[in-house]
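Here is the structure we will look at.
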Amino acid sequence: MPSLSGHCLCGKIRISGTVEIKGIPNCHCTECRRATGATFATMLFVTDSAIKIVGKPKIFRHKSDKGSIMEKHFCGNCGSQVFGRNSNRPGIMSLRAGILDQIEHIEPTINVYLDSKVPSTLINQILPGFSKMPG
């Protein structure tokens, strides 16, 4: 299991832990695009209890298209998203790939919400892809 660490842009929110990575999706949904300011979000799904958080992130909550409550945890100082939670996935957090120090562990396993991707975004055709979130 890899040891991961990372932080927001200003360093006020830090994460660390030794985790099993349960999946690494590239999410192309409208909400992820707007929340990140990028054409898609890459996240690492890990067990919540394996991650130590230093600092107190602010939280923004919204409903997903499947009715779950989504949480975006971000730095109130620099605005960087650090991680997220989904009420349909108790005990799991989604670390934002861009905050990690160990970039060698960022190997996406799936593309989701391809129906709403930015048309010019290149997609790795080797990865499974879904129009929405599977399951």
Side-chain angles (χ1 to χ4, degrees):
M1 290 193 294
S3 291
L4 300 178
S5 61
H7 57 85
C8 64
L9 185 60
C10 72
K12 289 188 182 229
I13 310 290
R14 298 183 168 277
I15 63 97
S16 62
T18 300
V19 299
E20 174 188 352
I21 300 171
K22 299 182 179 297
I24 306 177
N26 289 327
C27 184
H28 300 267
C29 78
T30 304
E31 288 80 9
C32 279
R33 288 198 328 266
R34 289 191 175 146
T36 62
T39 57
F40 60 91
T42 303
M43 299 163 272
L44 288 81
F45 290 154
V46 300
T47 303
D48 207 327
S49 60
I51 296 294
K52 177 182 175 189
I53 302 161
V54 175
K56 186 164 175 55
K58 291 193 175 226
I59 304 170
F60 176 76
R61 291 179 179 90
H62 64 96
K63 271 193 176 179
S64 76
D65 64 335
K66 295 192 177 223
S68 64
I69 302 300
M70 306 290 290
E71 293 182 349
K72 310 288 195 256
H73 295 248
F74 62 97
C75 178
N77 185 55
C78 68
S80 298
Q81 267 196 70
V82 181
F83 62 94
R85 291 193 172 105
N86 180 331
S87 64
N88 281 350
R89 290 192 177 100
I92 300 294
M93 71 171 24
S94 55
L95 299 176
R96 299 309 186 245
I99 68 143
L100 294 178
D101 297 324
Q102 297 77 20
I103 60 174
E104 66 275 12
H105 295 301
I106 304 170
E107 294 183 24
T109 57
I110 188 172
N111 281 292
V112 297
Y113 286 94
L114 289 171
D115 279 1
S116 55
K117 81 171 189 68
V118 172
S120 63
T121 301
L122 297 176
I123 300 297
N124 182 342
Q125 299 298 322
I126 296 171
L127 299 179
F130 296 89
S131 61
K132 302 265 186 231
M133 181 65 77

Where Cys27 and Tyr113 come nearest, the two heavy atoms and their spacing
SG-CD1, 3.8 Å

Could you tell me whether the side chain of Asn26 reaches within less than 4.5 Å of the side chain of Pro108, counting heavy atoms only?
yes

Does any non-hydrogen side-chain atom of Pro57 lie less than 4.5 Å from one of Phe74?
no

Please confirm whether the backbone N or O of Ile69 pairs with a side-chain atom of Ser87, one donor and one acceptor, at under 3.5 Å?
yes

Side chain to side chain contact (heavy atoms under 4.5 Å, CB included) between His62 and Lys72, intermediate numbers included
CA-CA 9 Å; His62 64 96; Lys72 310 288 195 256; 2.9 Å; yes

Check whether any side-chain N or O of Thr47 sits under 3.5 Å from a backbone N or O of Ser49 as a donor-acceptor pair, and report yes or no.
no

Just by distance, no angles: are the side chains of His105 and Glu107 close enough, under 3.5 Å, to form a donor-acceptor pair?
no

Would you mind writing out the side-chain donor-acceptor pairs for residues 119-126 within the sub-3.5 Å range, not counting sequence neighbours?
residue	atom	partner	partner atom	Å
Thr121	OG1	Val118	O	3.2
Asn124	OD1	Ile126	N	2.9
Gln125	NE2	Ile123	O	3.4

Examine distances only and state if a side-chain atom of Ser80 and a backbone atom of Leu9 form a donor-acceptor pair shorter than 3.5 Å.
yes

Donor-acceptor contact present, side-chain Gln102 to main-chain Ser5, <3.5 Å:
yes

Look only at the side chain of Thr36 and the backbone of Cys32, and say whether a donor-acceptor pair between them is shorter than 3.5 Å.
yes

Exercise: identify the closest heavy-atom pair between Ala97 and Ile106
O-CD1, 3.3 Å

Ignoring hydrogens and angles, write down the donor-acceptor pairs under 3.5 Å from the side chains of residues 11-22, residues two or more places apart or on other chains.
residue	atom	partner	partner atom	Å
Arg14	NE	Gly11	O	3.4
Thr18	OG1	Ser3	OG	2.9

Kindly compute the distance separating CG (Asp101) from CG (Leu4), expressed to the nearest 0.5 Å.
9.0 Å

If the plane angle is over 60° it's perpendicular, under 30° parallel, otherwise tilted; pick one for His28 and Phe40.
tilted

Mind checking what makes side-chain contact (heavy atoms from CB on, under 4.5 Å) contact with Pro134, not counting sequence neighbours?
Ile110, Val112, Phe130

So do the side chains of Ser116 and Arg33 get within less than 4.5 Å of each other, counting heavy atoms only?
yes

Ile92 and Val46, any side-chain heavy atoms less than 4.5 Å apart:
no

Identified salt bridge (charged side-chain N to carboxylate O under 4.0 Å, His left out) partner of Glu71 from the options Lys58, Arg61, Lys63:
Arg61

Is a side-chain donor or acceptor of Lys56 paired with a backbone partner of Gly76 at a separation under 3.5 angstrom?
no

Tightest non-hydrogen contact, residues Gly84 and His73, listed as CA-CD2, 4.3 Å

Sub-4.5 Å side-chain heavy-atom contact between Ile53 and Phe83
yes

Looking only at non-hydrogen atoms, find the nearest pair between Pro25 and Thr109 and report the distance.
N-OG1, 4.4 Å

Note, Val82 side chain near Arg96 side chain (heavy atom, < 4.5 Å):
no

